[in-house]
Number of protein chains: 2
Amino acid sequence: MALRIIIFEDNDKLRESLVFLLKNTGDYEVAGDYNNCVDAGNITRVYEPDVVLMDIDMPEVTGIKGVRMVKEARPDTAVIMFTVFEDDEKLFQSLCAGANGYLLKKISPSRLFDAIHEVMEGGAPMSPAIARKVLGSFRQGRTNQYSITARELEVLTMLTKGYSTKMIASDLNISFETARSHLKNIYTKLHVNCGKEAISKALKEHII
Amino acid sequence: MALRIIIFEDNDKLRESLVFLLKNTGDYEVAGDYNNCVDAGNITRVYEPDVVLMDIDMPEVTGIKGVRMVKEARPDTAVIMFTVFEDDEKLFQSLCAGANGYLLKKISPSRLFDAIHEVMEGGAPMSPAIARKVLGSFRQGRTNQYSITARELEVLTMLTKGYSTKMIASDLNISFETARSHLKNIYTKLHVNCGKEAISKALKEHII
DNA sequence: CGAATGATCCCCTATTAGGGGGATTAACTT
DNA sequence: AAGTTAATCCCCCTAATAGGGGATCATTCG
């Protein structure tokens, strides 16, 4: 059975080219093409597409919201962002909204077909530059710019789990005062004034 | 000029196969192959490889640490993880350590060559299942499964910034007791017993 | 119209946390 | 051998937090 595809793209010429391209391979059924995604949720519910190609920069409702609407309507539909934007903001917003792939418009038609098949096989097609950005976002530099010791890291980790000073002390088999000492040192090193700030900083900066 | 490649893989047969495979295409220079990455840092400094293929499960020093050593020695060297592991833990640890790609050992030789070229062109080759996990990690539920109200979200956000109850109250122009009420309701809804746990949960589950 | 909810406010008590000191020991560095 | 650091422990005091009760008022909703 042909893959059912829906396209959201406000550039009429490009959209028509895509429709033409996909239809003429014979492998795809273009179930619809729209120049906006105002009604993306209902469209998805009605046509139950396998794949959605989603532009980002569209009037009224952006493709970012579009992804969210499609995914809420039908989580199994794979959404591939198809855009000229390489900036981090739009990329990560799209991914957070649930996009399954992210292609730059400069890719060749054959790569687009590859990408559609890849996403149907459970993959996540991305243009190389995009994939690099995504992996780069995990990269964590020198974790220890605050020179937190191993012991302090243990204490800090327990703190983020909501342990009280007393619980930390008993779990580590040290006295209450020692645990407190560690905490005080941690606060000084992280330049914070309380445990709550320390937890926030530790989690946000991936110290733990 | 041929791409200079170094392989860290403790399975002798597989490693030799890889060396054979890469050498016989003529496009690659295998500058070294090792069954452990104890000395990965120095090896990288000496041979300055373009690409490193890194197994994860190795005796003494794991490939995760191996990536870190290679990247510290020479950030420009692209490191591709080459492993049987699909579990989230090892995947994300590798990415955090700075891996540029993540391939499962079941891929075909031709795909391996593709991946090596892709990583040299600034991409981030990943097996489809891996790419899906990576993108999935950005996905945020947005379900508000804890039915936190708008006001509570304000309070929770301030809490994660380390604000005390008193500060929250004055910033929101409400009484101390009201702020405290909100906090108590938040703790109940998040099923936690203190502010520290609430902050942890809010940040980890992207509630804020 | 009542019921439910969200936001506001109050009281009481026990525990916890935070800031300020200071001290000892073992291990590693210079 | 002297110095540094990490880890351990102790005391005092004040402020903040958590858990347990309630209460009022407006809005939303069936």
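The chains referred to below are lettered A, B, ... by the order of the sequence lines, with proteins before strands, and numbering in each begins at 1.
- A 4.5 Å side-chain heavy-atom check between A:Asp88 and A:Lys133 finds at least one atom pair inside the cut-off.
- If you measure from atom CG of B:Asn185 to atom C1' of D:dG21, you get 14 Å, rounded to the nearest angstrom.
- For A:Arg180 against C:dG20, a side-chain N or O and a base N or O form a donor-acceptor pair under 3.5 Å.
- Taking only side-chain nitrogens and oxygens, A:Lys196 never comes nearer than 4.0 Å to OP1 or OP2 of D:dA16.
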Could you list the protein-to-nucleotides 26-30 of chain D atom pairs, N/O on both sides, closer than 3.5 Å?
none

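- No side-chain donor from either of B:Thr178 and B:Ser181 sits under 3.5 Å from a side-chain acceptor of the other.
- Taking the ring axis of A:Phe176 as reference, the NZ or CZ atom of A:Lys166 does not stay both within 45° of it and closer than 6.0 Å to the ring centre.
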Set out, in order, the CA-CA distance, both residues' side-chain angles and the distance that settles side-chain contact (heavy atoms from CB on, under 4.5 Å) for B:Leu22 and B:Phe113, then state yes or no.
CA-CA 8 Å; B:Leu22 291 167; B:Phe113 299 146; 3.6 Å; yes
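- B:Lys166 comes within 4.0 angstrom of the backbone, heavy atoms only, and of no base.
- Between the CD1 atom of B:Ile174 and the P atom of D:dC25 there is a distance of 19 Å, rounded to whole Å.
- For the pair A:Arg151 (side chain) and A:His182 (backbone), a donor-acceptor distance under 3.5 Å is absent.
- Between A:Ala179 and A:Lys189, the one whose closest nucleotide on DNA chain D sits nearer the 5' end is A:Lys189.
- As a whole-Å value, the separation of A:Leu159 CG from C:dA17 C1' is 11 Å.
- At C:dA17, one or more side-chain N or O atoms of A:Thr165 fall inside 4.0 Å of OP1 or OP2 (strictly under the cut-off).
- A:Asn173 places its CG atom 15 Å from the C1' atom of D:dC9, with the value rounded to the nearest Å.
- Outside the 6.0 Å centre-distance limit, the rings of B:Tyr102 and B:Phe82 are not counted as a close aromatic pair.
- For B:Lys184, no side-chain nitrogen or oxygen approaches OP1 or OP2 of D:dG20 to under 4.0 Å.
- Here C:dA7 is the nucleotide among C:dA7, C:dG22, C:dC11 with the atom lying nearest to any side-chain atom of B:Glu152.
- Across all strands, A:Thr178 comes closer than 4.0 Å to base atoms (heavy-atom distances).
- Between A:Ser181 and D:dA7, a side-chain N or O to OP1/OP2 separation shorter than 4.0 Å is absent.
- The nucleotide whose nearest atom lies closest to any side-chain atom of B:Asn193 is, among D:dG19, C:dT16, D:dA6, D:dG19.
- Rounded to whole Å, the distance from CZ on A:Phe176 to P on D:dC9 is 13 Å.
- Across the protein-nucleic acid pair, A:Ile168 atom CD1 and C:dA17 atom P stand 8 Å apart, rounded to whole Å.
- With C:dT16, D:dC9, C:dA7 as the choices, the nucleotide that has an atom nearest any side-chain atom of A:Ser175 turns out to be D:dC9.
- Counting to the nearest Å, the P atom of D:dT17 and the CG atom of B:Leu183 are 8 Å from each other.
- A ring-centre distance under 6.0 Å is not found for A:Phe138 and A:His206.
- Remark: P of C:dA7 and CD1 of B:Ile148 are 11 Å apart, rounded to the nearest angstrom.
- When distances are taken from the side chain of A:Glu177 to each of C:dC9, C:dA7, D:dC11, the shortest belongs to D:dC11.
- Within the nucleic acid shown, B:Tyr187 comes within 4.0 Å of sugar-phosphate atoms alone, with no base atom in reach, counting heavy atoms only.
- Counted by atom type alone, A:Lys71 and A:Asn100 present one or more donor-acceptor pairs between their side chains at under 3.5 Å.
- A sub-4.0 Å separation between OP1 or OP2 of C:dA7 and a side-chain N or O of B:Thr149 is present.
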